[in-house]
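Along the sequence shown, residues are numbered consecutively beginning with 1.
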Amino acid sequence: MITLHTNHGDIKLALNEEKAPETAANFLQYAQEGFYDGTVFHRVIDGFMIQGGGFTAEMQQKPTNAPVKNEANNGLSNKVGAIAMARTQDPHSATAQFFINVNDNTFLDHKSESLQGWGYCVFGEVVEGMDVVNKIKNVATGNHGMHQDVPLEAVVIEKVSIGE
């Protein structure tokens, strides 16, 4: 069990180490190193997802480890409450950023091993604290430099604890 202690409340996550072993291990390593402590949910889109794990409250991007192999072909789906890895257009570019689905986003699921079909790897789910996720999805957002959908008041992951 992983707990994201945010300034809006706690979100408890269960990682699926069986279906997404490398991705779950990658997320756990960042959590154990304290990487996520003090980062923010920097992209919030009601009806879609809340994304975090890469930026400070000042919108400074944190340096990351090497990307992890995309395991989106694991049969898990981007449904409400599922946590998945964020990435660039390159299917195998995910590092530390993740998102929690606030809608059934099955269009993000793996379809084929092609540039357009890889999808976004689900590696766990919210088991407690969807009320907190729903609070976060409703915060007011705007632009911050080149970034869009940024909460006007920082939504901070104050600390991440493991095993609670």
Side-chain angles (χ1 to χ4, degrees), residues 1-45 48-72 74 76 78 80-88 90-102 108 120-142 144-164:
M1 188 79 63
I2 307 278
T3 305
L4 306 178
H5 302 279
T6 79
N7 60 343
H8 286 253
D10 291 352
I11 303 167
K12 292 186 185 249
L13 307 170
L15 304 186
N16 193 324
E17 295 169 273
E18 180 188 333
K19 295 212 172 189
E22 291 181 40
T23 308
N26 176 67
F27 184 84
L28 191 57
Q29 180 181 354
Y30 280 112
Q32 288 168 331
E33 293 171 354
F35 179 89
Y36 294 124
D37 299 357
T39 61
V40 295
F41 282 99
H42 66 276
R43 188 169 172 235
V44 171
I45 304 173
F48 182 37
M49 56 89 226
I50 63 172
Q51 180 175 333
F55 289 85
T56 66
E58 295 77 34
M59 289 302 289
Q60 297 297 311
Q61 192 162 5
K62 294 183 74 170
T64 59
N65 299 329
V68 66
K69 181 183 83 167
N70 191 332
E71 296 176 304
N74 61 17
L76 299 175
N78 282 280
V80 172
I83 182 170
M85 292 305 294
R87 61 172 177 80
T88 66
D90 175 355
H92 303 284
S93 62
T95 54
Q97 290 186 40
F98 61 89
F99 61 92
I100 299 172
N101 289 281
V102 299
L108 298 176
Y120 292 77
C121 179
V122 172
F123 64 96
E125 64 184 338
V126 174
V127 292
E128 200 177 303
M130 269 311 285
D131 58 325
V132 176
V133 172
N134 289 329
K135 263 196 262 182
I136 294 169
K137 79 174 185 177
N138 290 318
V139 301
T141 60
H144 188 285
M146 62 182 218
H147 301 280
Q148 298 175 320
D149 307 304
V150 179
L152 298 179
E153 290 184 28
V155 178
V156 183
I157 300 170
E158 297 167 337
K159 180 179 176 6
V160 176
S161 56
I162 301 161
E164 290 180 18

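Atom-to-atom distance recorded for T39:OG1 and Q60:CD is 13.5 Å, nearest 0.5 angstrom. Note that CD of E128 and CG of D10 are 8.5 Å apart. Values are rounded to the nearest 0.5 Å. The structure places CE of M85 at 6.5 Å from OG1 of T23, a figure rounded to the nearest 0.5 Å. Atom NZ of residue K137 and atom CD1 of residue I45 lie 13.0 Å apart, to the nearest 0.5 angstrom.
Each of V132, V160, V40 was scored for a side chain to side chain contact (heavy atoms under 4.5 Å, CB included) with T6, with one residue passing: V132. Evaluated for a side-chain hydrogen bond (donor to acceptor under 3.5 Å, both in side chains) with Q97, the options Q51, K62, R43 yield exactly one hit, Q51.
No side-chain heavy atom of F35 sits under 4.5 Å from any side-chain heavy atom of N65.
The minimum heavy-atom distance between A72 and Y120, with the atom names listed, is CB-C, 3.8 Å. Looking at every heavy atom in both residues, P151 comes nearest to V44 through CG-CG2, 3.6 Å. Counting all heavy atoms, side chain and backbone alike, V122 lies closest to N74 at O-ND2, 3.1 Å.
Taking the six-membered ring where the residue is Trp, the centroids of Y30 and F98 are separated by 6.0 Å or more. Ring centroids of H147 and F55 are separated by less than 6.0 Å, placing the two rings close together.
Under the 3.5 Å distance criterion, the side-chain polar atoms of N134 are matched with a main-chain donor or acceptor of M130.
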